[in-house]
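Only one structure is covered here, and it is reproduced in the block below.
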Amino acid sequence: MKFVRFLMKNVALANVPKHIDHFSKFSPSPLSIKQFLDFGSTNACEKTSFMFLRQELPVRLSNIMKEINLLPDRLLGTPSVQLVQSWYVQSLLDILEFYNRNPNDHRVLSGFTGALITIRNRHNDVVPTMAQGVIEYKESFCEDSITSQNVQYFLDRFYMSRISIRMLINQHTLIFDGTTNPAHPKHIGSIDPDCEVVDVVRDAYESAKLLCDQYYMDSPTLEVDQHNAVSGSGAVHIVYVPSHLYHMLFELFKNAMRATVENHESSPSLPPIKVRVSLGGEDVTIKMSDKGGGVPLSKIDRLFSYMYSTAPTPHLGSSGGAPLAGFGYGLPISRLYAKYFQGDLQLYSMEGYGTDAVIYLKALSKDSVERLPVYNKSAWRHYQHNHEADDWCIPSSDPKNLAVHKIQH
């Protein structure tokens, strides 16, 4: 029996490239928050969700697996990237087990939900493990600008794909596991149909404050206000995924607190962090302002770079501490959470004074549509080496001596 299972597993693995080629020919189907909400609240049918996911998840997995293979061989060959790749292969095979199963069989539906939970748990450490792969690559080889650009492009798409896959899995498992979350009884899966933004702001602040107090024995206070231009008054509510918003705000608060405390070490008191929430007809905007000394314009882009982080390598799988502590991935991942439903996250800094971090979200759930990477010729071209010269002059640190070019009379 063991030998038969061994043969079957080898046959399945041999067919993986064929499966990836097949499903990567399809484009992912982006859903809006309104579609997620409508399906979960009024038309919740486990069979329909099963039939959609057994097609959609292989498409999303295969599209990004195609791009993994376009990474530089030296990065693709690192142990950590190989491990991540094996997780994706196994998860694809796990889902394809149900591709031709009968959706009317309750045992099949139950088994599928269990398989999704297994896949989600398997991928829990994807972000830090891929980050470890980048570190392994940087330690072994000299990085160049072209590789850095390709890795940045890939990781933005790879982590965005991961966010979207976890969103689909969470919606299915939370809605159809037969239980209601007692802490959030009104949530539809992971979506809060009446998310009060300021509540999430305060939750994220309190969590970051706890860390700041532990490390620095002090922390700045919070001043928050909100403006509702739609109703003229009242709290700002949106249909959103609170955990996504919390992730963004928690990261911004950590950065703002650290900068504020370190920039005012000799001051008798710390200036507050100010947050303003504004609801308009199209956008919900959250602006966080600190007086932490700011960042030079030349370094802003580095804050969103996966390749630039020089932080010490954290221990994978450790349960303590802040998420992603040590990898420097907090800001780029937070920006992806904002962009996932067509929003954005921007930093505006005044060196010597402080920084404004602005989160933009869509005010209407029908406009909050998934932003998904698709593998096509345009994506493929991004990974091809481009050795063209820059078409802008590069300032010299050693200005030309104009005296040499004086006109001779």
> Are the side chains of F36 and M167 in touch, meaning some heavy atoms are under 4.5 Å apart?
Replying inline: yes
> According to the salt bridge (charged side-chain N to carboxylate O under 4.0 Å, His left out) rule, which pairs have a member within residues 290-300, sequence neighbours left out?
Replying inline: none
> Distance only, no hydrogens: is a donor on one side chain within 3.5 Å (strictly under) of an acceptor on the other, for Q342 and S368?
Replying inline: no
> Are the side chains of I238 and D192 in touch, meaning some heavy atoms are under 4.5 Å apart?
Replying inline: no
> Which pairs with one or both residues in residues 270-288 pass side-chain hydrogen bond (donor to acceptor under 3.5 Å, both in side chains), sequence neighbours excluded?
Replying inline: D225-R276
> Given N170 and S190, is the side chain to side chain donor-acceptor pair (under 3.5 Å) satisfied, shown in steps?
Replying inline: CA-CA 7 Å; N170 284 337; S190 58; 5.4 Å; no
> Which atom names give the shortest non-hydrogen contact between H123 and W87, and what distance separates them?
Replying inline: NE2-O, 3.6 Å
>> Tell me whether the rings of F250 and Y246 are parallel (<30°), tilted (30 to 60°) or perpendicular (>60°).
In response: parallel
> When you look at V224 and I273, which way does the side-chain contact (heavy atoms from CB on, under 4.5 Å) test go after all the steps?
Replying inline: CA-CA 8 Å; V224 58; I273 295 173; over 6 Å; no
>> So L71 and N150, do their side chains get closer than 4.5 Å, heavy atoms only?
In response: no
> Going through the checks in order, is the side-chain contact (heavy atoms from CB on, under 4.5 Å) test met by K186 and I191?
Replying inline: CA-CA 9 Å; K186 295 183 179 179; I191 299 172; over 6 Å; no
> Taking all non-hydrogen atoms of both residues, which atom of I300 and which atom of S349 are closest, and how far apart?
Replying inline: CD1-CB, 4.0 Å
> If every non-hydrogen atom of P296 is compared with every non-hydrogen atom of E351, which pair is closest and at what distance?
Replying inline: CG-OE2, 3.5 Å
>> Can you confirm whether D301 is buried at CG, in the sense that more than 12 heavy atoms of other residues, nucleotides or ligands lie under 6.0 Å from that atom?
In response: no
> For R371, does the CZ atom sit with more than 12 other heavy atoms under 6.0 Å from it, leaving out its own atoms?
Replying inline: no
>> Centroid separation under 6.0 Å, is that true for the rings of H172 and F112?
In response: yes
> Pick from V277, V236, L345, V358: which one makes a side-chain contact (heavy atoms from CB on, under 4.5 Å) with I286?
Replying inline: V277
> Hey, what do you get for CZ (R202) to CD (E196), rounding to the nearest 0.5 Å?
Replying inline: 9.0 Å
>> Quick check: closest heavy atoms across G189 and L174, and the distance to 0.1 Å?
In response: C-CD1, 3.5 Å
> So, Q346 versus D344: side-chain donor-acceptor pair below 3.5 Å or not?
Replying inline: yes
> Can a salt bridge be assigned to the pair D38 and K34 using a cut-off of 4.0 Å between side-chain N and carboxylate O?
Replying inline: yes
>> Here's a test for you: under side-chain contact (heavy atoms from CB on, under 4.5 Å), which of D94, I95, L96, L92 qualifies with L57?
In response: I95
> Are R122 and S91 linked by a side-chain donor-acceptor pair shorter than 3.5 Å?
Replying inline: yes
> If you count the non-hydrogen atoms of other residues, nucleotides and ligands that lie under 6.0 Å from OH in Y353, is the total more than 12?
Replying inline: no
Pair up each side-chain donor or acceptor in residues 152-160 with any protein partner under 3.5 Å, not counting sequence neighbours, and list the distances.
unit_1: Q152; atom_1: OE1; unit_2: Y306; atom_2: N; d: 3.0
unit_1: Q152; atom_1: NE2; unit_2: F304; atom_2: O; d: 2.8
unit_1: Y153; atom_1: OH; unit_2: R157; atom_2: NH1; d: 3.4
unit_1: D156; atom_1: OD1; unit_2: Y306; atom_2: OH; d: 2.8
unit_1: R157; atom_1: NE; unit_2: E67; atom_2: OE1; d: 2.9
unit_1: R157; atom_1: NE; unit_2: E67; atom_2: OE2; d: 3.1
unit_1: R157; atom_1: NH2; unit_2: E67; atom_2: OE2; d: 2.6
unit_1: R157; atom_1: NH2; unit_2: V374; atom_2: O; d: 2.8
unit_1: Y159; atom_1: OH; unit_2: V127; atom_2: O; d: 3.3

> Do we see a donor-acceptor contact under 3.5 Å between the side chains of S219 and D213?
Replying inline: yes
> Does the pair S62 and S24 meet the rule for a side chain to side chain donor-acceptor pair (under 3.5 Å), with working shown?
Replying inline: CA-CA 5 Å; S62 297; S24 65; over 6 Å; no
>> Within a 6.0 Å radius of atom CG on D73, are there more than 12 heavy atoms belonging to other residues, nucleotides or ligands?
In response: no
> Can you tell me how far CZ of R74 sits from CD of E136, rounded to the nearest 0.5 angstrom?
Replying inline: 15.0 Å
> Going through the checks in order, is the side chain to side chain donor-acceptor pair (under 3.5 Å) test met by N228 and S231?
Replying inline: CA-CA 6 Å; N228 190 330; S231 65; 3.1 Å; yes
>> For a quick test of reading the model, state the closest non-hydrogen atom pair linking V239 to S365 and the distance between them.
In response: CB-CB, 4.0 Å
> Using 4.0 Å as the upper bound for N to carboxylate O, is an ion pair formed by E370 and R60?
Replying inline: yes
>> Apply side-chain contact (heavy atoms from CB on, under 4.5 Å) to residues R166 and V126 and explain how you reach the verdict.
In response: CA-CA 12 Å; R166 289 182 84 82; V126 160; over 6 Å; no
> Considering all heavy atoms of both residues, which atom of A357 and which atom of L347 are nearest to each other, and what is their separation?
Replying inline: CB-CD2, 3.5 Å
> Does K254 come within less than 4.0 Å of E251, counting only side-chain N to carboxylate O?
Replying inline: yes
>> Before you tell me yes or no, could you show the steps for D21 and K25 under salt bridge (charged side-chain N to carboxylate O under 4.0 Å, His left out), namely the whole-Å CA-CA distance, both residues' side-chain angles and the distance that decides it to 0.1 Å?
In response: CA-CA 7 Å; D21 284 341; K25 290 182 171 66; 5.7 Å; no
> When you look at NE2 of H22, are more than 12 heavy atoms from neighbouring residues, nucleotides or ligands closer to it than 6.0 Å?
Replying inline: yes
>> Applying side-chain contact (heavy atoms from CB on, under 4.5 Å) to Y215 and M257, what does each step give before you reach the verdict?
In response: CA-CA 11 Å; Y215 192 80; M257 287 182 182; over 6 Å; no
